[in-house]
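Encoded as structure tokens, the structure appears first; notes follow it.
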Amino acid sequence: MSSILTNSSALVALQTLKSIGNDLAKTQDMISTGLEIGSAKDNSAIWGISKVMESDVAGFKAVSDSLSLGESTVAVALAGAEQIVDILNEMKEKVVAATGENVDHTKITADVDELKNQITSIIAASQFNGTNLLDTAGNAGITVLSSLDRDASGAVTAANITVASVDFEANLDLTTVDVTSSTAADGSITAMETLIQTAVDGAAALGASAARIEDQNEFVTKVMDAMKVGISSLVDTDMEEASAKLQALQTQQQLGVQALSIANQAPQTILSLFR
């Protein structure tokens, strides 16, 4: 039945055109923002997961900053410790030379005293951002935030790496080294071995901590990259698919406009019945 009051064909064509328009607007928004899921209304479950993951990425960025700060602190202390080991080895040569009778003990003593002063200076200077792992003031060591661990229930706990101070200021008793005479120098050889071993052990401990922090920082960086890729796969727009969909919707829109135009012309045919 034809009616001049209700054009059902035009209503159907109009609804179809509106639906196409909505899909076209959504596709254009996806292309312009690069996000397939840009808000909770797009897909609340996926949006919620992505936001939790984004929060974790931000947390791991702070962890990476903490690890970088700790790595630098330990690296400075390690450089000082290694330099002290080298100086102690040089001092050992002086001590061994001083065990001879026909040497100038005054000059050797002056050289050894300068080496002692150099060690003291290195200990004092081996600080980063006010933290020194070689002196007594930094005896508490440092605690470095190393990770944020989320369990199955969603609870998050912080993990730390503790780096102990080697306290060369207290543990390296340079007064035990005496080269004022061959007898004193002979007795100082054992003291030198103790000092060198203490310095080597301290440098080795700092080296192990530095390696651990460096490895953890590298791991955290990889975790952040993996999480970013995961978030991208959840919410980012597949641009190839969106491009193809956009062209299809534009074609459908043109056809919908033509269909609506044809449907709007239907009442004109009723006039032919009255001729």
Side-chain angles (χ1 to χ4, degrees), residues 52-92 114-151 155-174 177 192 194-232:
V52 171
M53 293 177 69
E54 287 176 2
S55 174
D56 286 347
V57 169
F60 275 114
K61 179 63 172 66
V63 170
S64 181
D65 291 341
S66 174
L67 287 167
S68 295
L69 180 61
E71 185 177 350
S72 298
T73 303
V74 177
V76 170
L78 178 59
E82 291 176 342
Q83 183 64 30
I84 288 172
V85 171
D86 292 340
I87 294 173
L88 287 173
N89 285 328
E90 184 179 351
M91 189 184 296
K92 180 180 177 180
E114 286 302 314
L115 293 174
K116 289 180 180 180
N117 291 335
Q118 189 175 353
I119 290 174
T120 302
S121 177
I122 290 173
I123 292 174
S126 297
Q127 62 83 29
F128 182 85
N129 196 32
T131 300
N132 193 326
L133 297 175
L134 299 186
D135 65 6
T136 303
N139 194 41
I142 59 172
T143 299
V144 181
L145 178 64
S146 62
S147 181
L148 293 176
D149 303 328
R150 184 184 298 276
D151 62 20
V156 178
T157 56
N160 299 300
I161 295 175
T162 300
V163 182
S165 167
V166 296
D167 194 4
F168 281 176
E169 189 175 16
N171 295 330
L172 294 180
D173 186 4
L174 301 177
V177 180
M192 281 303 312
T194 301
L195 291 173
I196 291 173
Q197 191 59 53
T198 299
V200 168
D201 290 344
L206 290 172
S209 296
R212 181 184 176 188
I213 293 175
E214 182 180 355
D215 290 345
Q216 182 66 17
N217 201 1
E218 182 179 353
F219 168 72
V220 167
T221 301
K222 290 180 179 179
V223 169
M224 285 194 295
D225 290 344
M227 294 182 73
K228 289 176 182 178
V229 171
I231 294 171
S232 174

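- With rounding to the nearest 0.5 angstrom, the CZ atom of Phe168 is 6.5 Å from the CG atom of Leu206.
- Atom CG of Asp173 sits about 7.5 Å away from atom CG of Leu195, to the nearest 0.5 Å.
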TODO: Tell me, with the steps shown, if Val144 and Thr73 meet side-chain contact (heavy atoms from CB on, under 4.5 Å).
DONE: CA-CA 10 Å; Val144 181; Thr73 303; over 6 Å; no

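- Residue Glu169 holds its CD atom at 10.0 Å from CG of Asn171, rounded to the nearest 0.5 Å.
- For the pair Val177/Leu115, no side-chain contact is recorded, criterion being any heavy-atom separation below 4.5 Å from C-beta on.
- The heavy-atom pair separating Val74 from Ala210 by the smallest distance is CG1-CB, 3.7 Å.
- Across every non-hydrogen atom of Met91 and Ile119, the tightest pair is CE-CD1, 3.8 Å.
- With rounding to the nearest 0.5 angstrom, the CG atom of Asp149 is 10.5 Å from the CG atom of Asp56.
- Side-chain N/O atoms of Asp167 and Thr136 include a donor and acceptor closer than 3.5 Å.
- Listed here is the closest heavy atom pair of Ser126 and Gly80: OG-CA, 3.6 Å.
- Rounding to the nearest 0.5 angstrom, the gap separating the CD1 atom in Ile142 from the CG atom in Asn132 is 11.0 Å.
- Each of Leu69, Val223, Val220, Leu145 was scored for a side chain to side chain contact (heavy atoms under 4.5 Å, CB included) with Ser64, with one residue passing: Val220.
- Side-chain contact check for Arg150 versus Val52: some heavy-atom pair is nearer than 4.5 Å.
- In this structure, the separation between CG on Asp135 and OG1 on Thr120 is 11.5 Å, given to the nearest 0.5 Å.
- In this structure, Ser72 contributes its side chain and Ser68 its backbone to a donor-acceptor pair below 3.5 Å.
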Open item on the list: Under the criterion side-chain contact (heavy atoms from CB on, under 4.5 Å), I'd like the reasoning laid out for Glu114 against Asn117: C-alpha separation, chi angles, the key distance, then a yes or no.
Closed with: CA-CA 5 Å; Glu114 286 302 314; Asn117 291 335; 4.0 Å; yes

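- Checking side-chain atoms of Thr221 against main-chain N and O of Asn217 turns up a donor-acceptor pair under 3.5 Å.
- Between the side chain of Thr198 and the backbone N or O of Thr194, at least one donor-acceptor pair lies under 3.5 Å.
- Proximity of Lys228 to Ile231: side-chain heavy atoms (C-beta onward) are nowhere separated by under 4.5 Å.
- For Lys92, the NZ atom is loosely surrounded, since the number of other residues' heavy atoms within 6.0 Å does not exceed 12.
- No option in Ser209, Ser147, Ser66, Ser146 other than Ser146 meets the side chain to side chain contact (heavy atoms under 4.5 Å, CB included) test with Ile161.
- The two residues Arg212 and Asn160 make their nearest non-hydrogen contact at NH2-O, 4.5 Å.
- At distances below 3.5 Å, at least one donor-acceptor pair connects side-chain atoms of Ser165 with backbone N or O atoms of Leu133.
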